[in-house]
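The structure under discussion appears below in the form of structure tokens.
Heads up: numbering here begins at 1 and tracks the sequence. Quick caveat, the model's predicted, so the values are computed rather than measured.
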Amino acid sequence: QVQVVESGGGFMQPGGSLRLSCSISRRTFSVNAMGWFRQAPGKEREFVGDIQWSGGSTNVAHSVKGRFTFSRDNAKNTVYLQMNSLKPEDTGVYYCAAGRGGSSWLSYSYFGPGTQVTVST
């Protein structure tokens, strides 16, 4: 059984930074990438970005480009989402997912429980 766990959420004022971590218990042949999604109250789930385990290439959603960056530590089976210049509209539950990669939730097989990020004054 593959387990995915996020950590690092919390409360931050606008303009601040947070770093989320996501660890996977083991990587299988079907896990090529880790993706991040978020869902704000009353809104649909939104793709934030992904990172490939091999090579580290990333895809970044337009809404966060230039503010959010993605990195990985293959030895620790952990990926990171560095969020800078946070805005209130970044508020939501952030989910980490493991799978083939891409912007579709359906491209992933394993999901974390989510971590809350709140950006507010």
query = Do you know which two heavy atoms are closest between N84 and S17, and how far apart they sit?
reply = OD1-OG, 2.9 Å
message = Checking side chain to side chain contact (heavy atoms under 4.5 Å, CB included) between P14 and each of V119, L86, D90, which is the one that passes?
response = V119
task = Anything under 30° is parallel, anything over 60° is perpendicular, the rest tilted; go ahead and classify Y108 against F37.
result = perpendicular
message = With heavy-atom distances below 4.5 Å as the criterion, would you say the side chains of S21 and K76 are in contact?
response = no
query = Any side-chain heavy atom of E6 sitting closer than 4.5 Å to one from W36?
reply = yes
key: Spacing of CD belonging to Q39 relative to CD belonging to E46, to within rounding of 0.5 Å   = 10.0 Å
query = Have S23 and T78 got a donor and an acceptor in their side chains that come within less than 3.5 Å?
reply = yes
Sequence-distant partners of R72, side chain to side chain donor-acceptor pair (under 3.5 Å), two or more places apart = N74
task = Please name all residues satisfying ring pair (Phe, Tyr, Trp, His ring centres under 6.0 Å) with Y95, sequence neighbours left out, ordered by chain then number.
result = none
query = Between Q13 and T121, is any pair of side-chain heavy atoms under 4.5 Å apart?
reply = no
note = Rounded to the nearest 0.5 Å, the CZ atom of R19 sits from the OG1 atom of T69 at a distance of 9.5 Å
key: Approximate separation, where rounding is to 0.5 Å, of R38 CZ and E89 CD   = 8.0 Å
message = Less than 3.5 Å apart, any donor N or O on the side chain of S30 or T28 sitting next to an acceptor on the other?
response = yes
key: Residues which pass ring pair (Phe, Tyr, Trp, His ring centres under 6.0 Å) with Y110, listed by chain and number, not counting sequence neighbours   = none
inquiry  = For residues L18 and I51: do they belong to one hydrophobic cluster (side chain heavy atoms under 4.5 Å, members Ile, Leu, Val, Met, Phe, Trp, Tyr)?
reply    = yes
inquiry  = Quick check: do C22 and V4 have side-chain heavy atoms less than 4.5 Å from each other?
reply    = yes
task = Verify the cluster assignment for L20 and V60: are they in a single hydrophobic cluster under the rule of side-chain heavy atoms below 4.5 Å apart?
result = yes
query = What heavy-atom pair brings Q1 and R26 nearest, and what distance separates the two atoms?
reply = N-NH2, 3.7 Å
query = Are any non-hydrogen side-chain atoms of F68 and L81 less than 4.5 angstrom apart?
reply = yes
query = Linking I/L/V/M/F/W/Y whenever any side-chain heavy atoms sit under 4.5 Å apart, do F11 and Y94 land together?
reply = no
request  = Could you tell me which non-hydrogen atom of F111 sits nearest to which non-hydrogen atom of A97, and how far apart they are?
outcome  = CD2-CB, 3.6 Å
query = Is a donor on one side and an acceptor on the other found under 3.5 Å between the side chain of D50 and the backbone of G102?
reply = yes
message = Please give me the minimum heavy-atom distance between S85 and R67, naming the atom from each residue.
response = O-NH1, 3.0 Å
request  = With rounding to the nearest 0.5 Å, note down the distance linking CG in N59 to OG in S57.
outcome  = 6.5 Å
query = Quick one: do V79 and V2 end up in the same hydrophobic cluster if we chain Ile, Leu, Val, Met, Phe, Trp and Tyr together by side-chain heavy atoms under 4.5 Å apart?
reply = yes
task = Establish whether W53 and V48 are linked, either directly or via other cluster members, by ILVMFWY side-chain heavy-atom contacts under 4.5 Å.
result = yes
ask   = Taking all atoms of both residues into account, what is the closest heavy-atom pair of R100 and Q52, and its distance?
value = O-NE2, 3.8 Å
query = Tell me, do M83 and M12 make a side-chain contact under 4.5 Å, heavy atoms counted?
reply = no
ask   = Would you call C96 and M34 a side-chain contact if the rule is heavy atoms closer than 4.5 Å?
value = yes
query = How far apart are the closest heavy atoms of A98 and V31, and which atoms are they?
reply = CB-CG1, 3.9 Å
